[in-house]
Structure formats: structure tokens, C-alpha cells
> 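Encoded as C-alpha cells, here's the structure I'll be asking about.
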There are 2 protein chains.
Amino acid sequence: MSAISSLVDHEQVSTSAQPCQAESVSPNLHLKGLLFKYPTLIENADEACWDMLNQAKLMNVPAGTVLFHEAMECKHLMLIVEGQVRVYKDSSEGREVTLYRVAPGQLCVHNLNNLVNGLAYPIMAQTETDMQGLVIPRPIFHKTLEDSASFRTYVLRTLTERLSHMVDLVSGFAFDRLDLRIACWLNHEFEIGCGKPIKITHSELAQELGTTREMVSRILKEFEHKRCVQLARGKIHLQCRHTLKLASQGKGKK
Amino acid sequence: MSAISSLVDHEQVSTSAQPCQAESVSPNLHLKGLLFKYPTLIENADEACWDMLNQAKLMNVPAGTVLFHEAMECKHLMLIVEGQVRVYKDSSEGREVTLYRVAPGQLCVHNLNNLVNGLAYPIMAQTETDMQGLVIPRPIFHKTLEDSASFRTYVLRTLTERLSHMVDLVSGFAFDRLDLRIACWLNHEFEIGCGKPIKITHSELAQELGTTREMVSRILKEFEHKRCVQLARGKIHLQCRHTLKLASQGKGKK
DNA sequence: AAATTTCTGTAACTTAGGTTACATAGTGCA
DNA sequence: TGCACTATGTAACCTAAGTTACAGAAATTT
């Protein structure tokens, strides 16, 4: 509660109702460039879908902006062109868990939820980087849902995929030890980063996984002793992919 | 793995591919009777939606049937008319968590996921009671998604609602103590049952919440001492709604 | 009625995770 | 160079949750 209001007070907030720096996107060509990260949406897009995209406005949002929170209503759908958004839930004791991230090519399903059901949901979304997005007003979103088969497919896919992802989250919390969850997270990050060092602080990682900084420090240090990783200020270097894989499979419990 | 295959071996399994006892539903009137628990679907149903429903086949499934598991592919969408299905995830150590239940009026979103994305997902669904459902073949489901605005709305609503529910699950695991989670669960059950005793064993409740029987026994006994509930074999009686509410709000920590 | 199975109670113990409370080490910059 | 700030390390302690290992009660079957 206090965490939320302090954020809202002290940081730049753009309610979806008042997009800042919105401008029309003119030619189709330009659109295709902006949306090249949405291949599943674009490649099969039908006319109705293009209609919607042509009516979208481009909007710039600085890093750290709260896009929605608590009981906020969404008046727009946002397609992210550049940058990324973190969607998370915070606890009354000041801890956090990341639920998922929205990157170019993806939709914020809670944004969708809000648009479809008209229900706000007590969760937060905040830009992690400067962001550029295409803003689609609610009525146009609904109309396109009616008219465009391709858009529909895209929306449905996104929703069901997120759902599976949420099941993974639940089962991690329910069954896996924290060291396992950290190892898996590292593994995944190293995989998509091709082994490049991960830039994150221990307390950020704690907020990612819904735990505390001290626990993360403790477990990362263990991993360093096992020579999976090497720690530096604000960075985690991969030392041995194999050892980390083992740790992430729950083996080598020590 | 072994848990799954043993279930599959020893219990009655109906792959969605071979519905047992399927029969055509003839007149519209009959359909309306069957689907009276689907008001949101029925009341606004357009012609395309009725078309689909008219092509559905009625199917009876006995209690304890595994509807899908692991990497099983769904060839049908199932609208539950009578009875209920439990969708859950099991751990390698033999524990379980219930993800959600599907009752008349609802859809199994993982069934949807499978139909939409063609991806199977390692999670289980099993009938808890004898069940009667309307089976809709995959191609007809897809066609109706194209043609029926009302069906689409219904599907989207269901999906986004489940998603919110999953967030609650995650945040419970991430932030709430087990006693809190049990208290909330009891509260909810007493609410929908209007205070009637809940029929459940401790180990079933453990599987519900992803914990162990001993923990549930211990915490329920605590609640009995606090005079929230009264325990009997296979049953939990509500003693004082107020005290339980307090416990479920994390107050009266003892 | 006796035997068997299922359910519950509970004590003793272990372990994972969280908390408190510092110390120390980098980083940026005045 | 020194100061402030942020990030990390770590020990001691606490508590929630899980585990082991029973005993006994209630239901069900033979």
C-alpha cells in the first residue's frame, strides 16, 4: 500500500488515459518496421488488423514509469515496440515477485484482462527501460477483436502461453527449493544471453523471485563455491554451465 | 512420472480421442436445459454459437477419470454440464497442488491452451465426480471462434479470469504463511457452502494447497483450539465465522 | 466380531528460509 | 583524497514448514 503510493507520488506516472507524446503513425511501411518483433501478429495480419494498427498512436514512456497499479483501469491496449515492462505483485511486507515481463512482440495479459473483463487487478506494471509503444484505444481493440481473425488468434495465443508460464511459477513456489529456483533463473538468463554476464544486483534478483536479498547473497555465494558462477558487483559471470545445470536439476545438493 | 503412469494404468482413462457413450443432443430446448449453468455463454449466444452447441455430443465420464495428463493432446473442447474436474500439478516427490477446478459454466483453460496453441502441458486433469459434458471437436471449436462473437467473448473472459486467479495462487505461495492460506481456503469454502460442514480429509486438503497431511492436521488443530472450527473424521465444521475471518486476515497470530 | 484399511493426533527432530545486525568493499563524485 | 552511497558478505538467531515415526480412532470388509 505505502509502497505503491510512494511510487505513484514520487515517480513519473502516466495513466493510460493520458498518453504523453502520442503521435500518429502514418504509412504502412513505417508500421511494419516498428512491429518487426511481432512476426506472429504481422505476417498473417488481415485487413481489420492493419486498420487497427494504422489507428494506433506511437507513445514514448521513460524508464521507471508505473503503467498501471492496483485498481487502475486501462483505456488502451499497448503494443510494445521498444523496451520492456515488468509486471509484478507486491506484498504488504514490502517484498515483490515478478510475474512476467512484456517485451516487444508480446502483450500484457493483465492489460488484456482489464480490457476484456473491465476488472482491475491489484498488480503493478512498470517500465524497466525507456519504452516506445503503440497505443490502441479500447473501442478499437474491441472492434478489432470482432473483425480480425488474425488479431484474435494472436491474443488467444498470448493469453494461453502466459497461463502456462504462470503454472510454472506456481509449481516452482510449491515444490522447489530456493537454490533450485535461483539456479534455473540463472540458467535461463545465461541461455538467452549466450553466457554473457548477467547484470543484476542481489536485491533485484530477490524481488524477481519473491525472496530477500540476504537469501540470494547466501545462495549465490554457495554457487560460487561450487564454481558455477563468479560474482562481481552488480554482475554474475558464468563459470561452468555444466555445474550450474547440475545445481538447477537439484543434483549436487552438497 | 511413476505417479502419472500408475494412475493411467490403474484407473479408467478416456483419451479425449475416444469419447465413451457419446450421443447427439437433438433439440435446442434440451440444450438450454443442459447449459443453464452457462448463462454468460447462453444468454447472448449468436447463431454460430448455437450451431456449435447443436453439433456437440453429450458424454458421460465416471468419477476418477484422467481427462488429460502430461503430454496428451486434446482433440475436443469440453463444456461441463454436470460434475467437476480438478486440474492439478504434481511434483516429483509425490506432492500435488490444485491449480483450479472446472465446474459447470466454466472451461478448462488448459484444454483451451492445447486447442489454441497445439502445445501439450505437463499438468493433470481428473474428474472428481461422475461427470457429464458436451464435447466439441477441435475443428468446430476453431470455426466457432471465427464465426461467433459471443463464444469468443466467453472464451476470452474465462481465460483472463483464470489468469487473475493464478496470480492469487502465486502471491499466496510467495507471501502467505500456510495457516493463512488454509484459513482463506476454509473461509471461501464455508462461504460458498453457506456454512455447511466441508467434506474433506486432511490429506486431500494438503494436496489442494501443495503441502503435507501433517501440516494440515497441525494447523487445523490450532484452529480448533482457537474455536474457529470443529474437526470430525472427513469433515470440518464451522464454529465461529468471525474467529476464522480473523485468522484468515493474519490477525490473532496467537 | 475380527481384521483391515483409512484417517487423525502428536511429539521429536531436521531443514529451509527469513531476520537482525553488522562489517566491508566498490563507485561516483565533491 | 575523502565522503556518501550502494552493493555485498556473513554470523547468529528465529521461525515456518517438512519429516519421521509412531499411536490410536473410526470406518469398512471379511
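Numbered from 1 within each chain, the chains take letters A, B, ... in sequence-line order. All values below were derived from every heavy atom in this structure, side-chain atoms included, with hydrogens, water molecules and symmetry-related copies excluded.
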> With a 6.0 Å cut-off (strictly less than), is the heavy-atom count around CZ of A:R227, excluding the residue itself, greater than 12?
no

> Let me know the distance between CD of A:E222 and P of D:dT8, rounded to the nearest Å.
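Between P of D:dT8 and CD of A:E222: 17 Å.
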
> Send over the distance from B:K221 NZ to C:dA11 C1', rounded to a whole Å.
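Going from NZ in B:K221 over to C1' in C:dA11 covers 15 Å.
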
> Using a cut-off of strictly less than 4.0 Å, decide whether A:H202 has a side-chain nitrogen or oxygen near OP1 or OP2 of D:dA7.
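Negative; the distance criterion is not met.
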
> Could you list, one pair per line, each protein nitrogen or oxygen that sits under 3.5 Å from a nitrogen or oxygen of nucleotides 1-4 of chain D, together with the distance?
none

> Measuring from atom CG of B:L169 to atom CG of A:L169, what distance do you get when rounded to the nearest 0.5 angstrom?
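So the gap between those two atoms works out to 10.5 Å.
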
> Let me confirm one number: the CG-CE distance from B:L209 to B:M215, rounded to the nearest 0.5 Å.
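That separation rounds to 11.0 Å.
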
> Could you check A:L107 against A:V102 for side chain to side chain contact (heavy atoms under 4.5 Å, CB included), going step by step and ending with a plain yes or no?
CA-CA 6 Å; A:L107 296 175; A:V102 197; 5.5 Å; no

> Between C:dT6 atom P and B:L231 atom CG, what is the distance in whole Å?
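To the nearest whole Å, that distance equals 21 Å.
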
> Rounded off to whole Å, could you give me the CD-to-P distance for the B:E204 and C:dT6 pair?
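After rounding, the gap between these two atoms is 13 Å.
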
> Starting at CG of A:L180 and ending at P of C:dT15, how long is that distance when rounded to a whole Å?
17 Å

> Does A:L220 form a side chain to side chain contact (heavy atoms under 4.5 Å, CB included) with A:I182? I'd like the steps, not just the answer.
CA-CA 8 Å; A:L220 284 179; A:I182 292 182; 4.2 Å; yes

> Which residues pass the ring pair (Phe, Tyr, Trp, His ring centres under 6.0 Å) test with B:Y100, sequence neighbours left out?
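Per chain and number, B:Y100 pairs via ring pair (Phe, Tyr, Trp, His ring centres under 6.0 Å) with B:H110.
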
> From B:F173 CZ over to A:F175 CZ, what is the distance, rounded to the nearest 0.5 angstrom?
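The CZ atom of B:F173 sits 7.0 Å away from the CZ atom of A:F175.
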
> Over all strands shown, is B:A232 touching base, sugar-phosphate only, or nothing at heavy-atom distances under 4.0 angstrom?
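B:A232: backbone/sugar contact only, no base atoms under 4.0 Å.
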
> Report the distance from atom OG of A:S203 to atom CD of A:E96, rounding to the nearest 0.5 Å.
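Going from OG on A:S203 over to CD on A:E96, the span is 10.0 Å.
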
> Between C:dA16 atom C1' and B:F173 atom CZ, what is the distance in whole Å?
16 Å

> Applying side chain to side chain contact (heavy atoms under 4.5 Å, CB included), run through B:K37 and B:Q106 and close with a yes or a no.
CA-CA 9 Å; B:K37 291 244 175 100; B:Q106 299 166 342; over 6 Å; no

> Take nucleotides 17-22 of chain C nucleotide by nucleotide from the 5' end and write B, S or -, depending on whether a protein heavy atom sits under 4.0 Å from the base, only from the sugar-phosphate, or from neither.
BBBB--

> Please give, in whole Å, the distance from C:dA25 C1' to A:K235 NZ?
15 Å

> Could you encode protein contacts along nucleotides 25-30 of chain D as a string, one character per nucleotide from 5' to 3', using B for base contact, S for sugar-phosphate-only contact and - for no contact, with a heavy-atom cut-off of under 4.0 Å?
BBS---

> Taking only residues two or more places apart in sequence, or in another chain, which ones meet B:K196 in a salt bridge (charged side-chain N to carboxylate O under 4.0 Å, His left out)?
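Partners of B:K196 under the salt bridge (charged side-chain N to carboxylate O under 4.0 Å, His left out) test: none.
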
> Under the salt bridge (Lys or Arg N to Asp or Glu O under 4.0 Å) definition, can you give me all pairs with a residue in residues 200-210 of chain B, not counting sequence neighbours?
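Listed once each, the pairs are B:R101-B:E208.
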
